[in-house]
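Let me begin by presenting the structure, written as structure tokens, before commenting on it.
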Number of protein chains: 2
Amino acid sequence: MATNKKLEFQAEEVELADFAKALAHPARLAILKILAQQRSCICGQIVEGLPLAQPTVSQHLKELKNVGLIKGEIEGKTSCYCINWETYDRCRQLFEAFHLQLESGRGQTQNCC
Amino acid sequence: MATNKKLEFQAEEVELADFAKALAHPARLAILKILAQQRSCICGQIVEGLPLAQPTVSQHLKELKNVGLIKGEIEGKTSCYCINWETYDRCRQLFEAFHLQLESGRGQTQNCC
DNA sequence: ATTATATATCGCAAATATACGATGAATAGG
DNA sequence: CCTATTCATCGTATATTTGCGATATATAAT
């Protein structure tokens, strides 16, 4: 049970699902917004902007980093995070392709509902 | 621990995160594709198209229904599911608004990374 | 060297998600 | 009425996520 069946799906679906999972928490959405809008991407300021403890924020940052949506560097005493726009573009592209696939069937007549 | 801090975030972020979570599994992405592309939205055919047992598919359908992305009706012996385009449009709108917020800060000079 | 600061990581607890067999409920067909 | 079919739900096992205190690490400041 709870065996991972991910590999039996299409690679693009798995990739998109992973991006969606990274976005599936308000804290991570908020982190991305902060990184996009502020010049300073210092970890401490992200923590200040969120209702979460520092270790929890650090963990969310790690998840965003794992999926590639952000990148980070240690700058002396502090850590600096930025959005990885290349990966973000890929994420957008997958979402858009998925959207177009859904839309293509939209106007057709339904046989139910 | 694991106390739900969702309520301390912005309502739109929570709403978008919930949509993202619904899309955060390849099976649910595949289900939406099947519903959009096939005229017939009968549950059994969805099960056939996925590498999962029927109760598991039923559970994924329920999650999509809970978030409002699909709607379902019992048609005699079978169940019929369809995409709820109104909710889907709302989902797209939230994703797009989020995207625009990120993009607005994109070109600026970084002080790190 | 000592101390303060910033951040990551560890370890734990609780909650949620994933998956499916077994079972129930409801309809269709004989 | 009996049976097969279709699907939802229950129960259960396991995996993953969420959250944080405690701690480690590494730099900066004194």
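Both backbone and side-chain heavy atoms feed into the values below; hydrogens, waters and symmetry mates do not. Order of the sequence lines sets the chain letters (A, B, ...), proteins ahead of strands, with each chain counted from 1.
Closest to the H25(B) side chain, of the nucleotides dA19(C), dC20(D), dC7(D), is dA19(C). For Y81(B), the side-chain atoms get nearest to dA8(D) when compared with the rest of dT5(C), dA8(D), dA8(C). The side chain of K5(A) sits closest to dC20(C) out of dA28(C), dA28(D), dC20(C). Which of dC20(D), dA19(C), dT18(D) sits closest to the side chain of H60(B) comes down to dA19(C).
Using a 4.0 Å cut-off between charged nitrogen and carboxylate oxygen, E63(B) and K21(B) do not count as a salt-bridge pair.
As rounded to whole Å, 16 Å separates atom P of dA6(C) from atom CG of L61(A). For the pair L29(A) CG and dT18(D) P, the computed distance is 11 Å after rounding to whole Å. Taking atom CD of residue E73(B) and atom C1' of nucleotide dT27(C), one finds them 16 Å apart after rounding to whole Å. Note: CD1 (I42(A)) to P (dA28(D)) measures 13 Å, nearest angstrom. A straight line from NZ of K62(A) to C1' of dT18(D) spans 14 Å, rounded to a whole angstrom. Going from atom CD1 of I31(B) over to atom C1' of dA19(C) covers 13 Å, rounded to whole Å. Taking atom CD of residue Q45(A) and atom C1' of nucleotide dT5(C), one finds them 14 Å apart after rounding to whole Å. In this entry the distance linking CG of L64(B) with P of dA17(C) reads 13 Å, nearest Å.
Residue K21(B) is in sugar-phosphate contact alone, with no base atom involved, counting any heavy-atom pair closer than 4.0 Å across all strands shown. Contact annotation for S58(B): base contact, defined as any heavy-atom pair under 4.0 Å involving a base atom. Among the heavy atoms of the strands, none lies under 4.0 Å from I74(B).
Ring pair F9(B)/H25(A) is perpendicular by interplanar angle, where above 60° counts as perpendicular and below 30° as parallel.
The phosphate of dC20(C) (OP1 or OP2) has a side-chain N or O of T56(B) nearer than 4.0 angstrom. Within the structure, a side-chain polar atom (N or O) of S79(B) is placed less than 4.0 Å from OP1 or OP2 of dA8(D).
Between the side chain of Q59(A) and the base of dA8(C), no donor-acceptor pair of N or O atoms lies under 3.5 Å. At a cut-off of 3.5 angstrom, counting only N and O atoms as typed in the model, there is a donor on one side and an acceptor on the other between the side-chain of Q54(B) and the base of dA8(D).
More than 12 heavy atoms of other residues, nucleotides or ligands shown are found within 6.0 angstrom of CD on Q101(A).
For the pair S79(B)/I42(B), no side-chain contact is recorded, criterion being any heavy-atom separation below 4.5 Å from C-beta on.
Mapping A24(B) and K77(A) onto DNA chain C by nearest heavy atom places K77(A) closer to the 5' end of the strand.
Checked against the 6.0 Å centroid threshold, F95(B) and F95(A) count as a close aromatic pair.
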